[in-house]
Amino acid sequence: MKLLTIDTSTSTCSVALTIGERLVSEFLLDLERTLAARLLRSVDTTLREAGLRVTDLDGIGVALGPGSFTGLRIGAATVKGLALAAGKPVTGFSSLAMLAMNLPWAAYPVCPMFDAKKKEVYSALYDCQDLPMPVIADCVVPPGDFLERLEGVTIFVGEGAIAYRELIIARLGDKALFAPPSAHQPRASHGAVLARGAFARGE
């Protein structure tokens, strides 16, 4: 399956092209305010370098959130335009599940966290022994309230974990583990795994 996957749920935008289980190309860019223009260029470059056009794809995957409202809107609109123009099917997946996949086969539950601003976070808790399985579903909540729901050692990942690191340590102490810096950005290549599974289920 030739699959284009896009994530725009945070200030980091990622575009991946996969063929079957093989990752052919991935762009990971901190786009900030130029998201719309650079997203289309990233898609164009990804496909062109692989010698493909949108019409050659079998499907398109897109992160549905939670995350930045503006970013998600741009990502969804871009995918919708590409899919309508090329007549290709689309599927979506959780941005937090995608981020949790940065820590495969983790020995402890993984807590992906985006900063939702206004003293809230988008967060969840996943078992990542294989594909991420939700233990606590995706939600938006004050970080302190979410931390009260956690028991035992937990691995934190994402921009929200960085923003609220001091609070997390104050609440959980040595039960709080943090992913390395390279793991805090969501990757469309991991979203592609979720999208491919969704297509296989007919979603």
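Owing to the predicted nature of the structure, the values given are computational and were not obtained by experimental measurement.
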> How many angstroms lie between atom NE2 of His190 and atom CD of Glu26, to the nearest 0.5 angstrom?
Replying inline: 7.5 Å
> Linking I/L/V/M/F/W/Y whenever any side-chain heavy atoms sit under 4.5 Å apart, do Val157 and Leu125 land together?
Replying inline: no
>> Just verifying a value: how many Å separate Glu159 CD and His184 NE2, rounded to the nearest 0.5 Å?
In response: 10.5 Å
> Is Phe114 close to Ser95 at the side-chain level, that is, under 4.5 Å between some pair of heavy atoms?
Replying inline: yes
> Is Phe93 reachable from Met101 through a run of hydrophobic residues whose side-chain heavy atoms are each under 4.5 Å from the next?
Replying inline: yes
> Please walk me through it: do Phe156 and Ile162 pass side-chain contact (heavy atoms from CB on, under 4.5 Å)?
Replying inline: CA-CA 9 Å; Phe156 293 86; Ile162 296 172; over 6 Å; no
> Can you name the nearest heavy-atom pair linking Ala188 to Asp7, along with the distance?
Replying inline: CB-N, 4.4 Å
> Hey, is the main chain of Gly67 close enough, under 3.5 Å, to the side chain of Ser9 for a donor-acceptor pair?
Replying inline: no
>> Could you measure the distance from the OG1 atom of Thr5 to the CD1 atom of Ile60? Nearest 0.5 Å is fine.
In response: 9.0 Å
>> Could you check whether any side-chain heavy atom of Pro109 comes within less than 4.5 Å of a side-chain heavy atom of Val135, counting everything from C-beta outward?
In response: no
> Short question: side chain of Thr18, backbone of Glu21 - any donor-acceptor pair under 3.5 Å?
Replying inline: no
> Do Phe27 and Val43 come within less than 4.5 Å of each other through their side chains, counting heavy atoms only?
Replying inline: no
>> If hydrophobic clusters are built by linking Ile, Leu, Val, Met, Phe, Trp and Tyr wherever their side-chain heavy atoms come under 4.5 Å apart, do Val15 and Val24 end up in the same one?
In response: yes
> Is a donor on one side and an acceptor on the other found under 3.5 Å between the side chain of Asn102 and the backbone of Ala183?
Replying inline: yes
> So, is the end of the Arg165 side chain (NZ or CZ) under 6.0 Å from the ring centre of Phe178 and within 45° of the ring's axis?
Replying inline: yes
> Do Leu23 and Ile19 share a hydrophobic cluster, counting only Ile, Leu, Val, Met, Phe, Trp and Tyr and linking them when any side-chain heavy atoms are less than 4.5 Å apart?
Replying inline: no
> Shortest non-hydrogen contact from Glu120 to Asp115?
Replying inline: O-OD1, 3.5 Å
> Roughly how far apart are Asp44 CG and Arg41 CZ, rounded to 0.5 Å?
Replying inline: 10.0 Å
> When rounded to the nearest 0.5 angstrom, what is the spacing between CG in Leu82 and CG in Leu47?
Replying inline: 8.0 Å
> Can you get from Leu96 to Val121 by hopping between Ile, Leu, Val, Met, Phe, Trp and Tyr side chains that sit under 4.5 Å apart?
Replying inline: no
> Of all heavy-atom pairs between Pro112 and Ser123, which one has the smallest distance, and what is that distance?
Replying inline: O-OG, 3.0 Å
> Is the backbone N or O of Arg53 less than 3.5 Å from a side-chain atom of Asp56, with the two atoms forming a donor-acceptor pair by type?
Replying inline: yes
>> Counting only heavy atoms from other residues, nucleotides and ligands, does the tally under 6.0 Å from CE of Met1 exceed 12?
In response: yes
> Of all heavy-atom pairs between Phe199 and Leu3, which one has the smallest distance, and what is that distance?
Replying inline: CE1-CD1, 3.6 Å
> Does any donor atom in the side chain of Asp127 or Tyr108 lie under 3.5 Å from an acceptor atom in the other side chain?
Replying inline: no
> Do the side chain of Arg187 and the main chain of Leu28 share a donor and acceptor less than 3.5 angstrom apart?
Replying inline: no
>> Evaluate Arg73 against Thr70 for side-chain contact (heavy atoms from CB on, under 4.5 Å), listing each step before the verdict.
In response: CA-CA 5 Å; Arg73 183 182 62 183; Thr70 300; 4.1 Å; yes
>> Restricting to non-hydrogen atoms, name the atom on Leu99 and the atom on Pro186 that form the minimum distance, rounded to 0.1 Å.
In response: CD1-N, 3.8 Å
> Is Leu147 close to Tyr164 at the side-chain level, that is, under 4.5 Å between some pair of heavy atoms?
Replying inline: no
> Taking atom CZ of Phe146 and atom SG of Cys111, what is their separation to the nearest 0.5 Å?
Replying inline: 4.5 Å
> If you take all heavy atoms of Asp138 and Ser94, which pair is closest and at what distance?
Replying inline: OD2-OG, 2.6 Å
> Would you say Lys88 and Asp58 make side-chain contact, with heavy atoms under 4.5 Å?
Replying inline: no
> Can you list the steps and then say if Thr154 with Leu177 is a side-chain contact (heavy atoms from CB on, under 4.5 Å)?
Replying inline: CA-CA 6 Å; Thr154 304; Leu177 304 178; over 6 Å; no
>> A side-chain contact here means heavy atoms from C-beta on lying under 4.5 Å apart; do Cys139 and Tyr122 qualify?
In response: no
> Taking side chain as C-beta onward, heavy atoms only, is Pro143 less than 4.5 Å from Lys119?
Replying inline: no
> Run the side-chain hydrogen bond (donor to acceptor under 3.5 Å, both in side chains) check on Thr12 and Asp30 step by step: do they pass?
Replying inline: CA-CA 4 Å; Thr12 299; Asp30 191 347; 4.6 Å; no
> Between Arg201 and Glu203, does a salt bridge (Lys or Arg N to Asp or Glu O under 4.0 Å) hold up when you go through it step by step?
Replying inline: CA-CA 6 Å; Arg201 294 188 299 271; Glu203 298 172 0; 3.1 Å; yes
> Going through the distances and angles, do Arg149 and Ile136 end up as a side-chain contact (heavy atoms from CB on, under 4.5 Å)?
Replying inline: CA-CA 9 Å; Arg149 303 175 65 182; Ile136 299 177; 3.5 Å; yes
>> Contact between Arg38 and Leu29 at the side-chain level, heavy atoms closer than 4.5 Å - yes or no?
In response: yes
